[in-house]
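Below is one structure; the comments refer to it alone.
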Amino acid sequence: MPELPEVEVTRLSFADRISDARILQVRLGQPLRWPLGCAPSDLSARVIQGVRRRGKYLLLDLDRGLLLLHLGMSGSLRFSDAVPLPGTHDHFDLVTDKGTLRLNDPRRFGAVVYASDSSDPMARKLLDHLGVEPLGGGFELSHFAAALRSRRTSIKQVLLAGDVVVGVGNIYACEALFHAGIRPTAQAARLSLTRVRRLHLAIQTVLQQALASGGSSLRNFSNAHGQTGHFQTKTMVYGRAGQPCHVCTRPIRLLRQGQRSSFFCVGCQT
DNA sequence: AAAAGCCCCTGGATGC
DNA sequence: TGCATCCAGGGGCTTT
């Protein structure tokens, strides 16, 4: 569910309000992808200094240690003063003196993990292999092109793998490839520099547009105030199998790549 | 090192 | 209405 825009929209919706908050209590629901990594009571009295994002992870910096949050496929966060009794899928509550951050995640692919610092083995396992951030300055065309040259697999799968560039999930990979005029099946290593340049730009453009739209809310995504995004109504190919291409009117095609759906236009993407 | 497949889990949509 | 099947925005792990 949540790709970079959704995670960033979530971060922006509560980062200021939770900053400098003191943790009062931590409540756990059903197990998530990994154990918390410390006793919930260990976190009491720690102060949240800020919220960063790395790829699709949110990093809550504490005065000692940090919390890594991942929303998986179906997770969303809420931050509020009044907190009702936890529902079936509320699996983590971070109660602070400024409000409660609650993770709701029906499929429980999400995670909340404590790390003592950035060299903590768990933090390294989850973060060290991540590729470059597509927004924010470090995403250089020359590096992107060089990284693609060593990949014999399809460009779509390279984008989803996240070790070249982070944050691009299924929706935005499909959309970026459409904007760049590249078929998802094209071999990454064989893309011309012209096409790589178009893709490099398209990734940034699509992600920024999604960010400006509040992300995509396909099922249940909403930001920490419960507001939904509306980028899903603007997609050119994602979720539009059989419908006419907005550019050339040919029907959008659907294929499977690595157990995931790829949507593309045979007329606009070569 | 890179690539491909397999899982983890629940819920909604679809079809019989 | 009931049941089976398929599908879903991720990504670490194992095997090749």
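By convention in this document, chain letters (A, B, ...) are assigned in the order of the sequence lines, proteins followed by strands, and residues within each chain are numbered from 1.
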To the nearest Å, give me how far apart [atom1] ([X]) and [atom2] ([N]) are.
X      : N      : atom1 : atom2 : result
A:L160 : B:dA2  : CG    : C1'   : 16 Å
A:L71  : C:dG11 : CG    : P     : 10 Å
A:L32  : C:dG12 : CG    : P     : 15 Å
A:M73  : C:dA8  : CE    : C1'   : 5 Å
A:R149 : B:dA2  : CZ    : C1'   : 17 Å
A:D128 : C:dG11 : CG    : C1'   : 16 Å
A:H129 : C:dG11 : NE2   : C1'   : 7 Å
A:L130 : C:dG11 : CG    : P     : 8 Å

Open item on the list: Once you apply a heavy-atom cut-off of 4.0 Å, does A:F231 come out as touching a base, just sugar-phosphate, or nothing?
Closed with: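 It contacts nothing in the nucleic acid.
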
TODO: Report whether A:L43 and A:L66 are members of the same hydrophobic cluster (ILVMFWY, side-chain heavy atoms less than 4.5 Å apart, transitive linking).
DONE: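 No, no single cluster joins them.
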
Task: Co-membership, hydrophobic cluster, residues A:L130 and A:L68, 4.5 Å side-chain - done: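 In one cluster: yes.
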
Task: Between A:K156 and A:T185: side-chain donor-acceptor atoms closer than 3.5 Å - done: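 Absent: no donor and acceptor within the cut-off.
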
- [ ] Return the nucleotide paired to B:dC9: Watson-Crick means purine N1 to pyrimidine N3 with N6-O4 or O6-N4, wobble means G-U with N1-O2 and O6-N3, both under 3.5 Å.
- [x]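 Matched B:dC9 with nothing under the 3.5 Å cut-off.
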
Task: G-U wobble or Watson-Crick pairing nucleotide for B:dC16 (cut-off 3.5 Å, both distances) - done: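 Its partner is C:dG2.
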
Open item on the list: Looking only at the side chain of A:S261 (C-beta and beyond, no hydrogens), which of the listed nucleotides B:dA2, C:dA8, C:dG9 gets closest?
Closed with: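 Between B:dA2, C:dA8, C:dG9, the one nearest the side chain of A:S261 would be C:dA8.
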
Open item on the list: Given C:dC7, C:dG9, C:dG12, identify the nucleotide with an atom nearest to the side chain of A:L126.
Closed with: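 Out of C:dC7, C:dG9, C:dG12, the nucleotide with an atom closest to A:L126's side chain is C:dG12.
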
Open item on the list: What does the B/S/- profile of nucleotides 5-12 of chain B look like, 5' to 3', with a 4.0 Å heavy-atom cutoff to protein?
Closed with: SS-BBBS-

Open item on the list: One pair to check against side-chain contact (heavy atoms from CB on, under 4.5 Å): A:Q49 and A:S19. What are the steps and the verdict?
Closed with: CA-CA 5 Å; A:Q49 298 183 319; A:S19 188; over 6 Å; no

Task: Ring centroid separation A:F263 to A:F178 under 6.0 Å - done: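 For A:F263 and A:F178, the ring centres are not under 6.0 Å apart.
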
It should be established whether [X] places a side-chain nitrogen or oxygen under 4.0 Å from OP1 or OP2 of nucleotide [N].
X      : N      : result
A:Y172 : C:dG9  : no
A:K56  : C:dG11 : yes
A:T153 : B:dA4  : yes

- [ ] Using the P atom as the reference point in each nucleotide, state the distance between B:dG5 and C:dC7 in Å, no decimals.
- [x]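 Taking atom P in both B:dG5 and C:dC7, they lie 16 Å apart.
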
Task: Verdict with reasoning, A:L177 to A:Y172, per side-chain contact (heavy atoms from CB on, under 4.5 Å) - done: CA-CA 8 Å; A:L177 287 167; A:Y172 302 116; over 6 Å; no

Task: Whether A:F144 and A:F139 hold their rings parallel, tilted or perpendicular, with breakpoints at 30° and 60° - done: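 Geometry flag for A:F139 against A:F144: perpendicular rings.
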
